[in-house]
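Heavy atoms only: backbone and side chains are in, while hydrogens, waters and symmetry mates are out. Within every chain, numbering begins at 1; the chains are lettered A, B, ... in the order of the sequence lines, protein sequences first and strands thereafter.
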Amino acid sequence: MTDQELIAKSVQYRKNILKYIVGAKAGHTGGSLSCIDILNVLYNEVLNVSPENFTSPDRDRYIQSKGHCVEALFVTLADAGFFPESDLETLCKYQSHYIGHPTKKVHGVEQNTGALGHGLPIAVGTALAAKMDDKNFKVYTLLGDGELPEGSNWEAALTAAHYKLDNLCAIIDNNKLQITGTNAEVCNTDPLDGKFESFGWAVREVDGHDVKALKEVFAAMPFEPGKPNLVIAHTIKGKGVSFMENSVKWHHGVPNAEQYEVALGELSPPSPLKGE
Amino acid sequence: MGATIEITNPNSQPNQDVFSATLLELAQADKDIVAVTSDSRGSGKLVTFGQTLPKQIVEIGIAEQNLVGVAAGLASAGKKAFAVSPACFLTARALEQIKNDACYSDNPVRLIGISAGVSYGALGTTHHSLHDYAVLRAINNITIVAPADNFETREAVKLAVKHNKPLYLRFGKKPMPLLTEDSSIGFEFGKGRVIKQGIDVAIIANGETVYPALLAAQKLESESGIRATVVSMHTIKPLDSELILALAEKTQAIITVEEHMVNGGLGEACASLLLQNGYNKPFKIMGIPDEYTVTGSQVEIFNHYGLNADGIAAAVNGMFCPL
């Protein structure tokens, strides 16, 4: 897929995220908009995952540790053909499988997540199983920067390095905001690169909205043989909608009708991503 | 304080030794069986396992949350992961991982709680697991099993390999006598084993309290003429409601015995079942009361709380009047 095609997909994904959040009157808007370019590149360029091979033991795995941004995952999976996009009209509604966090009831979801600090340990175990069985699949997990204070992440970071899991890639959606405020105010996790490097990981930093840079960084795995891979993706919470960008208010804010129209207008071509 | 528990079968071993030996035997024929430990291969008796099958043991270090999360990941990729850790830490520290990563995501992790109950005795409350039945009973999609003797343990481990669902097995440190040599009494999850038949009272116990329950039944019969049925209710969840309700019909009173706090364990599970089915006969729960336990060995703690032959017999005598 060309970079322009990927950019166009990101625009459409952002519109879809807003559409279904507005329909559900609930959702994690800011974080879904910050991580959507990462999911776009993963599902359209990187992962060996499709509706057809989803039961194959050799498929790549994607585990979304930041489960609250499920809307980003759902719109991506729908576009990849795992289920009809119209299913998302039931998002968060009575008896829908499309609940506010990833659930395996939805085709394409690998693990039930939502409670924070769970994705990395599971990803470590899955990557370890691949090593034990000499399989070539890779395991990717998307972490929110705000979930990093959970100790289980650091336990898993130790294990990943101990077992030299260079088939594992953790991506931090580093939008620098969490529900209460900035990470720096709530619990400063910087410097992330130095922390993970000291744990034995190979670290790369990238603009998390630059699809070309994201493609290149994933193609470069393993960054160093024998080391787990960390991509620190610098992102903007609420990316693509001017009044949502870098605003804590939009962590799980739902646009009203007027805000929704303004947002759609901003997301219409020419894409705000172009030329960045 | 009452009699100590005598070991009558010289060949008996601690259940957790039988667990590890059985697991090694099965793992030698099945490369997908993996032991995952939290710096617990010594206390889990898995040193030989690790030496014999170094590619089938994963050491996590002292990090129980990660232990269960990694085990869930291994299980999701087809490994028969046995996550082995002291029961107290496994079921408290990693409870959210048990709930979400194993049970909710339906990753068939076999959770092995070693040195369970008050096995660590004098090490105190931090090391006692008197809450594990209670917290795990509240979680969906998990089978909870506490084998009583070496036979039940061996069978439980064999079944665990085939179970393919989240499972908690609980073992203690002390050698356990063989409860019965009656080979017709089989073992399957969710089905209590009637170790001794009697028509007056039912003593429903599990794990390391079944043997004192059996001794109590023998004492009751010889001293008071009270004939007790003794059940090893090794599976707390799902509970063998059919057997319990049949015992409710057949006997005049029911008493439960467990190495767990009286809150939320086997006894309350039985009470709930019985009450909701209209049971109105004498009923008593024996376990550790709602307090931090006294200092002592497992046997001394059992004796302190009357979880021995004399104490159980006295409790039955106190609640039960032969017709």
Side-chain angles (χ1 to χ4, degrees), chain A residues 54-65 67 99 101-106 109-141 150-163 165 167-168, chain B residues 27 30-39 53-83 85 89-90 92-111 139-141 165-166:
Chain A
F54 194 64
T55 56
S56 165
D58 297 320
R59 73 190 183 281
D60 288 338
R61 268 70 160 185
Y62 170 75
I63 298 165
Q64 185 158 311
S65 192
I99 60 176
H101 288 95
T103 163
K104 288 165 78 172
K105 287 180 179 174
V106 173
V109 173
E110 287 283 356
Q111 298 292 339
N112 297 341
T113 53
L116 295 174
H118 287 249
L120 188 55
I122 301 171
V124 166
T126 312
L128 190 54
K131 290 282 186 189
M132 294 169 102
D133 289 342
D134 291 322
K135 287 183 177 294
N136 292 322
F137 69 81
K138 295 186 176 65
V139 185
Y140 300 79
T141 183
E150 289 282 9
S152 47
N153 291 309
W154 304 100
E155 296 178 2
L158 287 169
T159 305
H162 182 79
Y163 286 103
L165 300 180
N167 57 343
L168 169 73
Chain B
D30 184 347
K31 71 174 181 55
D32 283 333
I33 293 176
V34 177
V36 194
T37 67
S38 56
D39 193 26
L53 300 172
K55 292 182 176 172
Q56 287 172 245
I57 189 163
V58 176
E59 179 60 75
I60 296 297
I62 305 167
E64 292 78 13
Q65 296 180 76
N66 191 37
L67 172 83
V68 176
V70 169
L74 286 162
S76 78
K79 294 295 176 189
K80 295 161 187 167
F82 285 73
S85 185
F89 310 128
L90 180 66
R93 200 146 191 159
L95 183 60
E96 198 185 80
Q97 281 72 20
I98 294 172
K99 172 192 157 197
N100 293 337
D101 305 350
C103 297
Y104 178 40
S105 275
D106 199 23
N107 291 314
V109 179
R110 287 77 166 175
L111 301 153
I139 290 174
N140 178 251
N141 193 29
K165 299 291 279 182

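- Heavy atoms from other residues, nucleotides or ligands lying under 6.0 Å from NZ of A:K131 number more than 12.
- For the residue pair A:H118/B:E96, the side-chain donor-acceptor check at 3.5 Å is satisfied.
- Interface check for chain A: of the options B:L67, B:V58, B:I62, the most heavy-atom pairs under 4.5 Å are formed by B:V58.
- Nearest approach of B:A77 to A:T126, heavy atoms of both residues: CB-CG2, 4.3 Å.
- In this structure, A:I122 CD1 and B:N100 CG are separated by 8.0 Å, a value rounded to the nearest 0.5 Å.
- Residue B:K79 touches chain A through its side chain alone, counting heavy-atom pairs closer than 4.5 Å.
- For B:V36, no part sits under 4.5 Å from any heavy atom of chain A, backbone or side chain.
- The backbone N or O of B:E59 sits less than 3.5 Å from a side-chain atom of A:Y163, completing a donor-acceptor pair.
- A:E155 contributes atom CD, which lies 9.5 Å from atom CD1 of B:I60 (distance to the nearest 0.5 angstrom).
- Of all heavy-atom pairs between B:K55 and A:M132, the closest is O-CE, 3.3 Å.
- Considering only heavy atoms from C-beta on, A:S152 comes within 4.5 Å of B:Q97 through its side chain.
- Listed here is the closest heavy atom pair of A:A129 and B:L74: N-CD2, 3.7 Å.
- Interface residue A:A156: backbone and side-chain heavy atoms are both found under 4.5 Å from chain B.
- B:S76 and A:R61 get closest at one heavy-atom pair: O-NH2, 4.4 Å.
- Using a 4.5 Å cut-off between heavy atoms, B:K31 contacts chain A through its side chain alone, with no backbone atom that close.
- Atoms CG and CG, from B:N66 and A:L120 in turn, are 8.0 Å apart once rounded to the nearest 0.5 Å.
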